[in-house]
Q: 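Just dropping this structure here.
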Amino acid sequence: MPELPEVETIRRQLAPRLTGALLVDGWAFASGKFTPALDAVGARVDGVRRRGKYLLIDLDRDGNAEELIVHLGMTGRLSITERWIPTSAAAPTPADRSSWARSTDATDRPGPHLRARWTLDDGRALLFDDVRRFGRIAVVPAGSHDALPTLAALGPEPFDDAFSPEHLRTQVNRSERAVKTQLLSQRIVAGVGNIYADEALWRAGVHPGSRRITRAAAQRLRDAVRDVLAEGIDHGGTTLRNYRDAEGGEGTNQRYLDCYGRAGEPCSRCATILRRSVIDARATAHCPRCQRRGG
DNA sequence: CGATTTCCCTGGCCGC
DNA sequence: TGCGGCCAGGGAAATC
């Protein structure tokens with residue numbers, strides 16, 4: 001479940017290794033969510049950026065600026081092989097797998113859920129693996145995000161000045177939706193998913209189901225969102241089940257979670273048992289003592 | 001047009 | 001051991 005800290009970790013790993021590379025070949029799993037990967041072939045990588053949970057790979061195609069956009073969904077992973085052993089020009093075949101299995105370098109062996117591959121001009125390859133196929137790939141003219149409505153309507157980056165307490169308060173209060181739902185909507189602030197939403201609300205002492213927040217609560221919540229995301233980045237992301245960084249490594253932020261996934265356990269601040277609920281079809285944990293409505 | 005609901009996906013885990 | 005049921009859940013399409 002890559003959220004902003006996980007995507008940012010991957011971005012930092014990919015940027016130096018990908019920038020300047022020419023995408024000379026591609027392969028994609030036969031699904032409209034992944035076949036756009038082929039549209040990137042023939043372009044050169046100018047840089048790797050991030051917006052919210054979206055990875056934006058800047059491309060240059062004969063002077064025209066394009067973007068290769070990758071959303072990792074729930075289980076998406078990106079990695080770079082040190083070398084690619086093409087035994088087939090198209091889909092990975094059993095012969096390919098056999099070849100990878102003989103390799104002594106684990107990075108040369110994609111998993112069984114490869115969804116896209118870009119071969120680089122120096123023989124390496126960028127691989128996109130996604131067990132559950134919630135991920136998505138698109139190639140568009142630079143800045144043209146009409147085909148990705150959530151990206152097109154994305155709120156400010158959490159560390160941008162535009163993500164102010166007043167912005168958060170007025171946006172939350174103009175809707176009747178629960179504050180947690182709105183944090184997850186990507187429209188008020190970009191990049192927050194279920195893990196960091198629960199963590200931020202717990203830290204700020206805001207009930208996840210609140211429909212209205214005060215100025216004081218908005219100030220605390222704005223700061224908490226920034227803090228939990230910054231700490232998540234510092235810890236290389238949260239690995240609970242599937243998340244791995246671009247080098248196959250696990251993050252360590254799961255060691256520092258106070259709220260997410262801890263329903264039934266005592267609150268680390270007041271020892272009250274954290275409560276489980278479902279908000280907008282998302283599993284939610286909160287402390288009934290620290291997080292009061294209207295807080 | 002904004003809000004709400006449905007659908008997409010598979011692996012791990014649990015109980016019988 | 002085998003298997004049905006359930007859970008994880010972000011984003012886009014469909015529907016209200």
Side-chain angles (χ1 to χ4, degrees), chain A residues 1-8 10 28-37 50-56 67 69-78 110-116 128-140 144-155 157-158 170-201 208-209 211 225 229 232 237-244 250-251 253-254 257 259-264 274 276-286:
Chain A
M1 44 194 85
E3 304 178 27
L4 186 150
E6 290 75 32
V7 179
E8 176 62 18
I10 291 169
F29 181 84
S31 157
K33 300 168 88 174
F34 307 114
T35 50
R50 179 193 55 71
R51 268 289 276 141
K53 307 175 192 175
Y54 292 82
L55 201 64
L56 308 177
E67 286 173 5
I69 302 173
V70 178
H71 194 288
L72 299 171
M74 295 291 297
T75 56
R77 296 181 190 177
L78 284 165
H113 306 291
L114 190 69
R115 304 304 177 200
F128 179 65
D129 181 283
D130 183 13
V131 172
R132 289 171 62 188
R133 299 188 222 162
F134 271 44
R136 181 170 295 263
I137 295 172
V139 175
V140 301
S144 174
H145 297 159
D146 297 347
L148 299 98
T150 303
L151 175 58
L154 206 57
E157 284 293 310
T170 56
Q171 292 296 306
V172 165
N173 290 351
R174 70 184 286 181
S175 159
E176 292 304 312
R177 309 284 290 171
V179 60
K180 176 172 176 178
T181 299
Q182 301 204 59
L183 285 179
L184 295 175
S185 76
Q186 310 302 309
R187 298 178 69 115
I188 297 180
V189 60
V192 177
N194 207 28
I195 296 173
Y196 296 97
D198 273 12
E199 291 299 300
L201 289 162
R211 258 74 179 169
V225 166
L229 293 175
T238 303
T239 297
L240 292 171
R241 300 172 191 86
N242 296 288
Y243 168 69
R244 296 294 183 280
E250 301 188 355
N253 197 57
Q254 63 277 10
L257 298 179
C259 186
Y260 175 86
R262 295 194 56 195
L274 300 181
R276 183 197 146 85
S277 63
V278 176
I279 294 181
D280 212 43
R282 302 280 191 272
T284 300
H286 82 279

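If you're wondering where the values come from, they're calculated on a predicted model, not measured in any experiment. The chains referred to below are lettered A, B, ... by the order of the sequence lines, with proteins before strands, and numbering in each begins at 1.
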Q: With sequence neighbours left out, write down each residue that passes side-chain hydrogen bond (donor to acceptor under 3.5 Å, both in side chains) with Arg50(A), or none if nothing qualifies.
A: Glu8(A), Glu157(A)

Q: At what angle, to 10 degrees, do the two end axes of the helix from dG2(B)-dC16(C) to dC16(B)-dG2(C) meet, given five pairs define each axis?
A: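 What I find for the helix from dG2(B)-dC16(C) to dC16(B)-dG2(C) is an axis angle of 40°.
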
Q: Run the side-chain hydrogen bond (donor to acceptor under 3.5 Å, both in side chains) test against Glu67(A) and tell me which residues pass, sequence neighbours left out.
A: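 By the side-chain hydrogen bond (donor to acceptor under 3.5 Å, both in side chains) rule, Glu67(A) matches Arg49(A), His145(A).
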
Q: Whole angstroms only, please: what is the CG-P distance between Leu72(A) and dA8(C)?
A: 21 Å

Q: Can you build the contact string for nucleotides 10-16 of chain C? Use B for base contact, S for sugar-phosphate-only contact, and - for no protein heavy atom under 4.0 Å.
A: BSS----

Q: Could you walk me through whether Leu55(A) and Lys53(A) pass the side-chain contact (heavy atoms from CB on, under 4.5 Å) test, one step at a time?
A: CA-CA 7 Å; Leu55(A) 201 64; Lys53(A) 307 175 192 175; over 6 Å; no

Q: Once side-chain hydrogen bond (donor to acceptor under 3.5 Å, both in side chains) is applied, what residue pairs with a partner in residues 177-194 of chain A remain, sequence neighbours excluded?
A: Arg177(A)-Asp280(A), Lys180(A)-Asn194(A), Lys180(A)-Asp198(A), Lys180(A)-Thr284(A)

Q: For nucleotides 13-15 of chain B, print each protein N/O atom paired with a nucleotide N/O atom at under 3.5 Å, atom names and distance only.
A:
none

Q: Can you name the atoms? Protein N/O to nucleotides 2-5 of chain B N/O, anything below 3.5 Å, with the distance.
A:
| residue | atom | partner | partner atom | Å |
| --- | --- | --- | --- | --- |
| dT4(B) | OP2 | Arg177(A) | NE | 3.1 |
| dT4(B) | OP2 | Arg177(A) | NH1 | 2.6 |

Q: Could you state the CG-P distance from Asp130(A) to dT10(B), rounded to the nearest angstrom?
A: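 It works out to 10 Å between those atoms.
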
Q: Which is true for Ala283(A) with a 4.0 Å heavy-atom rule: it touches a base, it touches only sugar-phosphate, or it touches nothing?
A: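 Answer is sugar-phosphate: Ala283(A) comes under 4.0 Å of backbone atoms only.
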
Q: Just verifying a value: how many Å separate Leu240(A) CG and Leu257(A) CG, rounded to the nearest 0.5 Å?
A: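 So the gap between those two atoms works out to 6.0 Å.
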
Q: With sequence neighbours left out, what residues match Pro5(A) under side chain to side chain contact (heavy atoms under 4.5 Å, CB included)?
A: Glu3(A), Tyr196(A), Leu229(A), Ile233(A)

Q: Are Leu183(A) and Val189(A) side-chain neighbours, meaning at least one heavy-atom pair lies under 4.5 Å?
A: yes

Q: Can you sort out the partners of Arg244(A) under salt bridge (Lys or Arg N to Asp or Glu O under 4.0 Å), two or more places apart, ordered by chain and number?
A: Glu250(A)

Q: Just how far, in rounded Å, is C1' of dC9(B) from CZ of Arg77(A)?
A: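 Atom CZ in Arg77(A) sits about 16 Å away from atom C1' in dC9(B).
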
Q: Looking only at heavy atoms, what is the nearest atom pair of Ile69(A) and Val140(A), with distance?
A: CD1-CG2, 3.8 Å

Q: Give the rounded distance in Å between these two atoms: CD of Gln254(A) and P of dA8(C).
A: 18 Å

Q: Going by modelled atom types, is there a donor-acceptor pair between the base of dC9(B) and the side chain of Arg133(A) at under 3.5 Å?
A: no

Q: Applying salt bridge (Lys or Arg N to Asp or Glu O under 4.0 Å), name anything that partners Arg262(A), two or more places apart in sequence or on another chain.
A: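 Salt bridge (Lys or Arg N to Asp or Glu O under 4.0 Å) check on Arg262(A) returns Glu265(A).
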
Q: Output all residues satisfying side chain to side chain contact (heavy atoms under 4.5 Å, CB included) with Ser31(A), sequence neighbours left out; order by chain, then residue number.
A: Phe29(A), Lys33(A), Phe34(A)

Q: Show the nearest heavy-atom pair for residues Ala285(A) and Cys259(A), with the distance to one decimal.
A: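 Shortest heavy-atom separation between Ala285(A) and Cys259(A) comes out as O-SG, 3.1 Å.
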
Q: Going by the rule ring-ring contact (aromatic ring centres under 6.0 Å, His included), which residues pair with Tyr260(A) if we only count those two or more places apart in sequence or in a different chain?
A: none

Q: Which whole-number value in Å describes the distance from Arg241(A) CZ to dC9(B) C1'?
A: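 Interatomic distance, CZ of Arg241(A) to C1' of dC9(B): 15 Å.
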
